[in-house]
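Note on naming: letters A, B, ... go to the chains in the order of the sequence lines (proteins, then strands), and numbering restarts at 1 for each one.
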There are 2 protein chains.
Amino acid sequence: MTMSHQTGGRRKPPTIHDVAREAGVSRGTVSRVLNGGHYVSPAAQEAVNAAIRKTGYVVNRHARSLITGRSDSVGFLLTEPQEKFFEDPNFNVLLRGCTQALAAHDIPLLLMIAGTEDERRRISRYITAGHVDGVLLVSSHSGDPVAEQLREAGVPLVACGKPIGQGSKVSYVAADDRDGARDMVSHLLSLGRRRIGMITGPLDTPGGVERLAGYREVLADAGIEADERLIVPGDYSRDGGEAGAAELLSRIPDLDALFVASDLMAQGALTALQRAGRRVPEDVAVGGFDDSPAATAGSPALTTIRQPWDRISSEMVRVLLAQIGGEDPSAVILPTELVKRESA
Amino acid sequence: MTMSHQTGGRRKPPTIHDVAREAGVSRGTVSRVLNGGHYVSPAAQEAVNAAIRKTGYVVNRHARSLITGRSDSVGFLLTEPQEKFFEDPNFNVLLRGCTQALAAHDIPLLLMIAGTEDERRRISRYITAGHVDGVLLVSSHSGDPVAEQLREAGVPLVACGKPIGQGSKVSYVAADDRDGARDMVSHLLSLGRRRIGMITGPLDTPGGVERLAGYREVLADAGIEADERLIVPGDYSRDGGEAGAAELLSRIPDLDALFVASDLMAQGALTALQRAGRRVPEDVAVGGFDDSPAATAGSPALTTIRQPWDRISSEMVRVLLAQIGGEDPSAVILPTELVKRESA
DNA sequence: CTGAAAGCGCTTACAG
DNA sequence: CTGAAAGCGCTTACAG
C-alpha cells in the first residue's frame with residue numbers, strides 16, 4: 001500500500017526521485033524523458049510516463065531554472081503611468097494578444113508596470129536578476145531609460161513600435177503608421193474635404209511622428225497648401241482629443257475634416273464637435289486610428305485605420321522567443337487597413 | 001586587479017560566494033544579512049553590504065525558491081473568456097489596483113488567463129506546481145472548477161466577489177451589492193419614478209443575485225407591486241445591456257426608469273433608449289453600477305453606484321498575503337456609494 | 001541508451 | 001554571532 005495518490009497530506013509533492021523509483025530507472029533517465037525523450041528507449045519512456053501519471057509528478061520549475069538559468073517566463077513591461085495604459089483600449093488588445101500567443105508556448109506572462117522612477121529601478125533589477133527570459137516592452141515615449149538598461153544588460157527585448165533613438169539594436173514590431181495615415185487622409189480627400197485638421201500623437205513617439213508625416217505627404221501630393229494652424233499636438237488621451245478639437249475649431253471654424261491619430265482621442269474630438277454643434281460626418285468628417293474598441297464605443301462609429309493587433313502581438317512574441325533562442329534582433333513592419341464606418 | 005565591475009562579460013552574475021569572499025565571511029553570514037540581518041554583528045553586516053554593492057550582487061530567486069519552497073510572486077487568475085474581461089473596465093481597475101498593492105510589497109504579479117478548458121487544466125497544474133504563492137481569483141461565475149481545485153490543493157486564494165457555493169472556506173472581498181442596489185433604486189424613487197425596470201447581472205453570480213434582491217426589497221418597502229415583466233437578465237456586456245433595454249421597452253413602453261446592474265450594460269441601454277427616441281433622464285432615468293470608466297465614457301454621464309475598487313484590490317492583496325502567511329480565510333465586505341451624474 | 005556523480009545558488013539547522 | 005555542511009530538486013556532461 002503506497003502513499004501516492006493519497007488525498008489528505010499533500011505537503012510533499014513527488015520529486016523526480018519518486019518517479020525514478022516508481023519507474024525503476026535512474027533520475028537521469030526521468031529527466032531525459034521530461035526534456036524531450038531523446039536517448040531514451042521506448043520501454044523506459046513508457047515506464048517513466050506511467051510513473052509520472054501514477055505519482056502526479058510535476059516538475060519543480062525553481063530547481064530546473066536554477067540549473068538551466070532560464071525562467072521560462074516572459075515579462076510584459078509598461079514603462080508609463082498606469083492610468084495611461086489602462087485608459088487606452090490598445091493596451092488591452094495587446095496584453096491579451098501577447099498572453100494568448102505566449103500561452104500557446106506554455107509560457108506565462110508576468111505583468112510589470114513601472115510608472116515611477118522608483119518602480120523602474122526595482123523592476124530593472126528584478127529583470128536583470130533573471131526572473132524573466134525576455135521582455136515585451138510597451139512604452140510609447142522615447143529615451144526610455146529602462147529600454148536602454150535592459151539592452152545593455154543583454155536582456156532579450158522587443159518593443160511595440162519603433163523605439164526612437166535606439167538605432168537598430170533593439171527588436172520591434174510596428175504597424176506601418178505612415179502608410180496608414182496616408183490612406184486615411186486620401187480617404188478624406190476623396191470625400192471632397194479640403195480643410196483637414198489633424199490631432200497628432202505625442203511627437204516624441206514614432207506613431208506621432210509618422211502619422212503626421214503621412215498626413216503632410218498626402219496633402220502635399222494633392223497640391224494642398226500646408227497650413228500649420230490645422231495641426232495640433234495630442235497625447236493619445238480622450239481629454240487630449242477633446243481639447244485638440246476645440247482648439248482647432250476655434251482656429252479654423254470652417255474645418256471640414258479631422259484626422260485624429262488615435263481612436264480614443266477621436267472619441268474626445270467627437271465630444272467637442274458635438275458640443276460645438278457640428279454634425280459628423282456631414283459638417284466635419286472624422287477619421288481615427290487604431291480600430292480599437294473605442295472606435296465603436298461611441299456614436300457615430302469611427303472610420304479608422306486598423307492596426308493588426310493580433311499580428312502585432314503574435315509577432316512580438318515570435319521575435320522575442322527567437323531572440324531568447326539566440327537570434328539577432330529584428331524589426332517587423334505590418335500593414336494597416338482602412339475601415340470605413342459612419343464618421344467619414 | 002579584480003574582475004568585478006567589469007563591463008563587457010556579464011555572463012556570470014556574482015553569487016553569494018563572491019560576496020562572501022569579498023566580505024571575508026562565510027556564505028551563511030551573507031545569507032543571514034540577506035534575510036533580515038538577525039544574528040549578525042554590525043561589523044559583518046557592514047562588510048557584507050559593502051561587498052554586495054561592490055559586486056553588484058542580486059539574489060538568485062530560483063535558488064532561493066528551491067529551498068524555501070516559495071516563489072515570492074502571486075497569480076492574478078481570470079477564469080473566463082478573455083474578451084469578457086478585457087471589455088469590462090472593472091477588470092482594468094482591479095488589475096491595476098492589485099499590481100500596485102503588490103508592488104508595494106515588492107511582489108510581482110503573474111497574469112494568468114484561463115478561458116478554455118484546456119487553459120484551465122494547464123494553469124491549474126502550473127499553480128499547484130508552486131510557481132506562485134497564492135492566487136487572486138477573478139471570475140464572476142459560480143461552480144468554477146479551478147477555484148475548487150485550488151482550494152483542495154491548499155493554494156492560498158482570495159476571490160473578488162463571493163464565490164457562490166463555496167461555503168466560507170474561501171476568502172473573498174466584495175462590495176455590498178445589495179446595499180448599493182438599494183441606494184440606487186431609492187434614488188430613482190426619490191426622483192418620482194415608479195415604473196423602474198431592471199437589467200440584472202448573470203444570476204449565477206453573487207453580484208447578479210444581490211443587486212436584484214436589493215431592487216426588489218426597495219420596491220416592496222415602497223409598497224410598489226412587483227412586476228416581473230420589468231426584470232430582464234443581463235450578462236454584464238454592452239450588447240447585453242442594449243438588448244435588455246430594447247426588450248424592456250417593448251414590454252413596458254412607458255417605463256420611466258432603468259436600474260442596470262453594470263455601467264457597461266448601462267452604456268448599451270443608453271444606445272437602445274436613444275434609438276427608441278427616449279430622452280435620458282427626462283423620459284427614462286438610468287442608474288448604473290460600478291462607477292467604472294464606462295460611466296463617464298458616453299453621454300449622458302451615468303449616475304451609478306461606486307464600487308470601492310481601490311480598497312477592493314488592496315484588501316484582496318492584504319487578505320491573500322495574510323493567508324500565505326498562515327492565517328485562515330476571511331471575508332471582507334466593503335460599502336458602496338451613490339454617485340449622481342446626469343442620467344438620473 | 002543509461003546510471004552515477006557533480007553542481008546550479010541558496011538557506012538552515014547544527015555546533016561551536 | 002559565525003562557519004562548515006547538508007540539502008532543496010533538478011540537469012548534464014561523463015563514462016560506459
Side-chain angles (χ1 to χ4, degrees), chain A residues 4 10-52 55-73 125-126 128-131 133, chain B residues 4 10-52 55-73 125-126 128-131 133:
Chain A
S4 51
R10 53 187 65 259
R11 293 286 58 99
K12 266 293 190 187
T15 73
I16 205 174
H17 189 242
D18 300 317
V19 176
R21 189 175 36 204
E22 182 73 40
V25 300
S26 75
R27 293 180 292 152
T29 297
V30 175
S31 181
R32 278 177 214 111
V33 171
L34 254 26
N35 291 287
H38 302 302
Y39 304 102
V40 181
S41 67
Q45 179 90 251
E46 215 168 290
V48 169
N49 281 139
I52 287 175
T55 55
Y57 172 78
V58 27
V59 68
N60 180 319
R61 319 282 295 216
H62 302 307
R64 173 180 287 175
S65 291
L66 176 56
I67 177 136
T68 62
R70 303 231 321 219
S71 68
D72 298 318
S73 68
R125 281 200 342 165
Y126 187 79
T128 33
H131 216 146
D133 294 334
Chain B
S4 51
R10 52 187 69 260
R11 292 284 61 96
K12 265 294 190 186
T15 73
I16 206 174
H17 189 242
D18 300 317
V19 175
R21 189 175 36 204
E22 182 72 39
V25 300
S26 73
R27 293 180 290 152
T29 297
V30 175
S31 180
R32 278 177 215 111
V33 170
L34 255 25
N35 291 286
H38 302 303
Y39 304 101
V40 182
S41 68
Q45 179 89 252
E46 215 167 289
V48 169
N49 281 138
I52 287 174
T55 55
Y57 171 78
V58 27
V59 67
N60 179 320
R61 319 281 295 214
H62 302 308
R64 175 180 285 177
S65 290
L66 176 56
I67 177 139
T68 62
R70 302 230 324 217
S71 69
D72 298 318
S73 68
R125 280 197 345 164
Y126 186 79
T128 35
H131 217 145
D133 294 334

- [ ] Kindly give the heavy-atom pair with the smallest separation between Thr55(A) and Pro14(A), and that separation in Å.
- [x] O-CG, 3.3 Å

TODO: Report the residue (Pro42(B) or Ala63(B)) whose heavy-atom-nearest nucleotide on DNA chain D is the more 5′ of the two.
DONE: Pro42(B)

Open item on the list: If we ignore hydrogens and angles and just use 3.5 Å, is the side chain of Asn35(A) paired with the main-chain N or O of Arg32(A) as donor and acceptor?
Closed with: no

Open item on the list: Does a side-chain N or O of Thr15(A) approach OP1 or OP2 of dG9(D) to a distance below 4.0 Å, or not?
Closed with: no

Open item on the list: Any side-chain N or O of Ser41(A) below 4.0 angstrom from OP1/OP2 of dT2(C)?
Closed with: yes

Task: Given dG9(C), dC1(D), dG3(D), the nucleotide with the shortest approach to the side chain of Val25(B) - done: dG3(D)

- [ ] Send over the distance from Ile67(A) CD1 to dC8(D) P, rounded to a whole Å.
- [x] 15 Å

Open item on the list: Regarding Val59(A), tell me which of base, sugar-phosphate or nothing describes its non-hydrogen contacts under 4.0 Å with the strands shown.
Closed with: sugar-phosphate

TODO: Provide the distance between the two P atoms, one in dC1(D) and one in dA5(D), to the nearest whole Å.
DONE: 23 Å

Open item on the list: Need one value for Ser31(B): base, sugar-phosphate or nothing, where a base atom within 4.0 Å counts as base even if backbone is also close, heavy atoms only.
Closed with: base

Task: Interatomic distance where CG belongs to Asn35(B) and P belongs to dC1(D) [whole Å] - done: 16 Å

TODO: With the side chain of Arg27(B) defined as its heavy atoms from C-beta on, choose the nearest nucleotide among dT2(C), dC10(C), dC10(D).
DONE: dC10(C)

Open item on the list: Work out how far the P atom of dA13(D) is from that of dG9(D), and round it to whole angstrom.
Closed with: 23 Å

Open item on the list: Could you tell me the Watson-Crick or G-U partner of dA4(D), where both distances fall under 3.5 Å? Say none if there is no partner.
Closed with: none

Task: Ser31(B) side-chain N/O to Arg27(B) backbone N/O, donor-acceptor pair under 3.5 Å - done: no

Open item on the list: Measuring from the side chain of Ser26(A) (C-beta onward, heavy atoms only), which nucleotide among dT2(D), dC10(C), dG3(C) has the closest atom?
Closed with: dG3(C)

Open item on the list: Strictly distance-based, threshold 3.5 Å: is any side-chain N or O of Asp133(B) a donor or acceptor partner for the main-chain N or O of Ser71(B)?
Closed with: yes

Task: Phosphate-side-chain proximity, Asn60(A) and dC8(D), N/O vs OP1/OP2 below 4.0 Å - done: no

TODO: Taking Asn49(B) for its side chain and Glu46(B) for its backbone only, find out whether a donor-acceptor pair lies under 3.5 Å.
DONE: no

Open item on the list: If I pick the P atom on dT2(C) and the same atom on dA6(C), what distance separates them, to the nearest angstrom?
Closed with: 22 Å

Task: Atom-to-atom span, CD of Glu46(A) to P of dT2(C) - whole angstrom - done: 13 Å

Task: Tyr57(B) side chain, from C-beta outward: closest of dC10(D), dC10(C), dG3(C) - done: dC10(C)

Task: From dC8(C), dT12(C), dT11(D), nucleotide with atom closest to Leu66(A) side chain - done: dC8(C)

Task: Side-chain donor/acceptor of Thr29(A) to backbone N/O of Val25(A), under 3.5 Å - done: no

Open item on the list: Whether the side chain of Arg32(B) and the base of dG3(D) hold a donor-acceptor pair under 3.5 Å is what I'd like checked.
Closed with: yes

Task: Candidate nucleotides dT2(C), dT11(C), dT11(D), ranked by approach to the side chain of Thr68(B) - the nearest - done: dT11(C)

Task: Length of the line joining Leu34(B):CG and dG9(C):P, which is rounded to integer Å - done: 15 Å

